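Below, all heavy atoms of this structure are taken into account, side chains as well, without hydrogens, waters or symmetry copies. The structure displayed is predicted, hence computed values, not measured ones. Sequence lines set the chain letters: A, B, ... in the order given, protein chains first and strands last, and positions in each chain run from 1.
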Amino acid sequence: MEYFVQQLVNGLTLGSIYGLIAIGYTMVYGIIGMVNFAHGDIFMLGGFAALIVYLVLVGLFGGIPIALALFIMIIVAMLMTGLWNWVIEKMAYRPLRGSFRLAPLITAIGMSIALSNFIQVTQGPRNKPIPPLVSSVYNVFGISISLKQIIIVVVTAVLLTIFWYIVNHTPLGRAQRATEQDRKMAALLGIDVDKTISITFIMGAALAAVAGTMYLMYYGVIVFTDGFTPGVKAFTAAVLGGIGSLPGAVLGGLMIGLIESLWSAYFTIDYKDVATFSILAIVLIFKPSGILGRPEVEKV
Amino acid sequence: MANITNTPESAGSNLMARALREAFYAGLVALGLFVLFVGLKTDQNILNELVLVQRWGLLAVFVAIAAVGRFLSVAFIRPYLAERKASKASTGVKEPGFVTRNFSMIAVAVLLVYPPIMVALFGFQGSLKWVDNFGIQILIYVMLAWGLNIVVGLAGLLDLGYVAFYAVGAYSYALLSSYFGLSFWVLLPMAGIFAALWGMILGFPVLRLKGDYLAIVTLAFGEIIRLVLINWTAVTKGTFGISGIAKASVFGIWSFDVSASNNFAKVFGLPMSSAYYKIFLFYLILALCLVTAFVTIRLRRMPIGRAWEALREDEIACRSLGINTVTTKLTAFATGAMFGGFAGSFFAVRQGFVSPESFVFLESAIILAIVVLGGMGSLIGIAVAATLMIGGTELLREMEFLKHIFGPDFTPELYRMLIFGLAMIIVMVWKPRGFVGSREPTAFLRERKSVSGSFTKEGHG
Amino acid sequence: MAGTNTMTKDPILKVDHLSMRFGGLMAINDLSFEAYRGDITALIGPNGAGKTTVFNCITGFYKPTMGMITMRQKAGKEYLLERMSDFEVNRDAKVARTFQNIRLFSGLTVLENLLVAQHNKLMLASGYTVLGLLGFPAYKRAAAQSIEQAKYWLEKANLIDRADDPAGDLPYGAQRRLEIARAMCTGPEFLCLDEPAAGLNPRESLALNELLRSIRKDTGTSILLIEHDMSVVMEISDHVVVLEYGQKISDGNPDHVKNDPKVIAAYLGVEDDEVEEVIEQIEVIAVTAPGDTPK
């Protein structure tokens, strides 16, 4: 039982990271209907930004309190990836808006290849390890919970709350939802559609940056290829939850985190990704629009 | 600059002022984008700790390129393009020339004489690179892309896991030839059949899904197959891969094994060289490509091919016309997979070695990119895209002279995929419908008029 | 119109106690009617009356919640359409349909659209692709014949000059005609048209009437159509069924329906208790102005 709860905690942590990335996929999909394949690499870029900021901070002020360092890392990484995603959207996706559906998908894949190779070229192909940032571990009823895990879950929860508030209770969120429903009509009603879409990309990137920072803190290492697997997992999470649905993305992320950690704990770790993908396929076969997605009504 | 601002023509000075302003912003944005990633480099010191190396000079170059590029774009390139567009619109459409009209014939003829020309130019040993790295490599991608074209370009089903069928074909050949010693000519059709079967098995449960849901499930299946290949070590030897795969022979008559008595070179009394085998492989893959093209062209004029295209245009209308869309989709999946399987078994025979490394998602992405960049459905466009994208990045390996410019540490290969990715973006933005955006009708009453890309749909299945 | 005495006619389609529920909404409620062989039957009713839903049930796109839909072919074979999937309704039961918002294969040429419609026939002739791929002459003959068939319908629909243009390039009225021609290329015995005259100008509307009449005359295909344009309905239909809120409120020949007070009330939108009043008014009008019926 304790073992099970332990795995639950681990899965929840992992799932939080996936959920944060998945929101970026689902928001962009919701608002312009494209799968932003480069989003996983934005996450990786966020991790690298956090890494470099950490090294700068340590280099400049050796004994900086770790909480402050983490805070600065997150903020700078968010700004950094926000800027990147803003430029990417403007240069690679906006010219293709409203054209052929596969064209932006291809540019997104191209962007994903370009981003990971950009980091490989500029930062080198090797693993980038850092010393553990936070190492306290608490023992609660025989279950060990590390401070890292607590930070990840708390940060995720706080961000999701802020985020949920923005989307549901601010003029910006209203503009986003209107743009999602009908871009042309939203524009006619005076919503700056381009700006709304840009902000959506920036928001998604900022959340991915937080996920990247958390990932760096949790695993203590990052490499230029790290965008792919978490990216695909997060995309899987978004689809599993029902792409376009924000709670769905979080739910999907948590589910995938749990499946992974439970499968690794009780079966073989080798096939954990096979399990994840198989469950995705099975869920979609029975619920073709994901768990919380609106079923697509076939209009005849 | 000064003489321009002095002219009374305020439009010009406005343009320049705007260009300067935009150049400034571009430089600022570039500074923001690159300050961490280019200005600083994480490196390991002797203690294996990460340290930062400062590269402010390089950062300055990046920023300058962005600013100058933006300036030139706003001040000169855009006005020039706008002007050219205006003048082009007035001249009207040009009649297609001789080369355009007979492009496929000329291309096939060039390919047929390509190996002898390379041998004549570079000698047997020197031709290896051009026949193998360029010729065979590009033709494999042409074949894969033509196979995927049936699924994505004709039937409009987005498949992100096509590489799975390539893997099935390659492993079918590798395993069956190592365990049972079957020959290439037996296994080539079998690999195709296996891949087609897998296409059906994977296709059947997922064809109810639409659009991006289908895309992610096909991606998942591709990954599942790769992960199984990695982890099922008892059969596949995992990441070590299977090596020592038997070579193909010329229909069993001449062999390319050095020890064999019917060795090609021995039989003809030629000096030993690995180039014969490569040239043979070149013609083999060329033949496979031509078969793929022939079958695709034939299928498009058959009811099943028309049903695929109709499915891409409107699935509901298809059903109202009595077309069983499930079997139609399945045949598209299976046919595409079959060609992937053929290409896979060829890949195994060419490399003599297969490992899961060759079947990563990136391969699927590259194949899909070639299909879309070429123009969905157009065989010629896809072949051109494969040549440019694969040949172009392959050329980078040859850019030894760049070392003289950037110093001896410069390895052009490192930039191969970076440039590949950027090229994908640039081509797509430049031609969203691909190189050949129009569609050739499969039947006509009076005259064959190609259908403009603005009418064709891309499918949502 | 001829054949007003529908009672003696042979029903081709029988809808019995059809109900369709979407969540809490009863879109069709216990609907029964018949369409007779060789007739043009019109299904009319105000917006939201459930006409298109009836169509979708007949053609297999929706599975009705309750009820039975029987299609009886000329040869006597009967099909229960509610049990068949959408493509079987066309392939086996020989019921073809068009759509309210035109669904053409816009990137295929007009001719190709008509060839796709002959899919099942050609699949058989091509030996499920295998023989055709090998270049068997039987397929070549069938292919040539399918082009002849397409040509026949192109001429009927007056589209022969646009045969090699993309379907998406045609003007609206021509697209409507093409959709009908395409449905006819499947060789149906029963043709369901969902608002074929919607959005047509008067000239196109006339051409459409012409086309429908000639379909009935030359092929003997029975037609069921949904229509808002009363001039079309009254002009060409032999039999009219009126729906309101998913229920049948009137059924009979055009003259009968036109003077049915419940129909008038439904179209003019009066309260139930005012119906009596309307009936009185109609009786007055019918006496004073008899000249507005066709013929």
Side-chain angles (χ1 to χ4, degrees), chain B residues 153-154 156 291 294-329 331-332 334-335 376-377 433 437-459, chain C residues 59-61 85-92 94 96-99 102-113 115-126 128-129 132-135 139 142-143 146-147 150-151 154 160-161 163-169 179 182-183 185-186 188 192:
Chain B
L154 295 184
V291 167
F294 175 77
V295 171
T296 308
I297 291 169
R298 259 272 158 93
L299 282 178
R300 274 196 66 208
R301 294 183 190 151
M302 309 258 303
I304 188 71
R306 292 211 186 97
W308 289 338
E309 290 202 75
L311 195 65
R312 177 192 69 206
E313 299 287 320
D314 194 325
E315 184 178 339
I316 288 176
C318 273
R319 300 212 301 255
S320 83
L321 297 174
I323 297 174
N324 184 342
T325 48
V326 172
T327 52
T328 306
K329 285 180 185 178
T331 46
T335 315
M376 303 220 310
R433 289 248 159 203
S438 59
R439 168 182 176 276
E440 284 301 309
T442 60
F444 60 97
L445 277 189
R446 293 206 188 91
E447 53 168 330
R448 189 182 289 278
K449 298 186 231 176
S450 32
V451 175
S452 146
S454 54
F455 293 116
T456 51
K457 304 220 167 69
E458 71 257 57
Chain C
T59 52
F61 281 88
S85 58
D86 39 23
F87 72 93
E88 291 169 337
V89 168
N90 179 284
R91 191 186 64 186
D92 304 330
K94 300 274 164 229
R97 72 168 292 176
T98 63
F99 297 89
I102 307 175
R103 286 181 174 274
L104 288 173
F105 307 122
S106 58
L108 308 190
T109 65
V110 170
L111 177 67
E112 284 175 309
N113 267 272
L115 295 179
V116 170
Q118 302 176 50
H119 178 80
N120 289 313
K121 192 173 72 187
L122 287 171
M123 274 306 261
L124 214 58
S126 70
Y128 294 93
T129 312
L133 205 57
L134 299 172
Y139 172 65
S146 71
I147 291 192
K151 242 161 132 180
L154 285 175
I160 194 83
D161 297 329
D164 299 322
D165 291 327
D169 201 20
E179 211 190 9
R182 189 181 67 179
C185 275
T186 64
C192 301

(request) Could you tell me whether Glu179(C) and Arg103(C) make a salt bridge, using a distance below 4.0 angstrom between a side-chain N and a carboxylate O? (result) no
(message) Just so I understand: if I count every heavy-atom pair under 4.5 Å between each of Asn113(C), Asp161(C), Val110(C) and chain B, which residue has the most?
(response) Asp161(C)
(message) I'd like to know if Glu313(B) pairs up with Arg439(B) as an ion pair, taking the criterion as any Lys NZ or Arg NE/NH1/NH2 lying under 4.0 Å from an Asp or Glu carboxylate oxygen.
(response) no
(message) Which atoms of Thr186(C) are under 4.5 Å from chain B, going by heavy atoms: the side chain, the backbone, both sets, or neither?
(response) side chain
(message) For Lys94(C), which atoms come within 4.5 Å of any heavy atom of chain B: side chain, backbone, both, or neither?
(response) neither
(message) Here's a test for you: under side chain to side chain contact (heavy atoms under 4.5 Å, CB included), which of Ile323(B), Thr328(B), Asn324(B) qualifies with Cys318(B)?
(response) Ile323(B)
(message) For Asp164(C), which atoms come within 4.5 Å of any heavy atom of chain B: side chain, backbone, both, or neither?
(response) both
(request) Give a yes or no on whether a salt bridge exists between Arg306(B) and Glu309(B), defined as a side-chain N under 4.0 angstrom from a carboxylate O. (result) no
(request) Select one option (side chain, backbone, both, neither) describing which atoms of Asp92(C) are under 4.5 Å from chain B's heavy atoms. (result) neither
(message) Give me the atom names and distance for the closest heavy-atom approach of Thr109(C) to Pro441(B).
(response) CG2-CB, 3.6 Å
(message) Taking every non-hydrogen pair under 4.5 Å, which of Arg91(C), His119(C), Glu88(C), Gln118(C) racks up the most with chain B?
(response) His119(C)
(request) For chain B, find which of Pro166(C), Gly107(C), Ala96(C) contributes the most heavy-atom pairs closer than 4.5 angstrom. (result) Gly107(C)
(message) Quick check for you: among Thr59(C), Leu154(C), Leu108(C), which has the greatest number of heavy-atom pairs under 4.5 Å with chain B?
(response) Leu108(C)
(request) Tell me, for Leu111(C) versus chain B, whether the close heavy atoms (under 4.5 Å) come from the side chain, the backbone, both or neither. (result) side chain
(message) Quick one, Phe105(C) and Leu321(B) - any side-chain contact, counting heavy atoms below 4.5 Å?
(response) yes
(request) Have a look at Arg182(C) and tell me which of Val116(C), Leu115(C), Thr98(C), Leu104(C) forms a side chain to side chain contact (heavy atoms under 4.5 Å, CB included) with it. (result) Leu104(C)
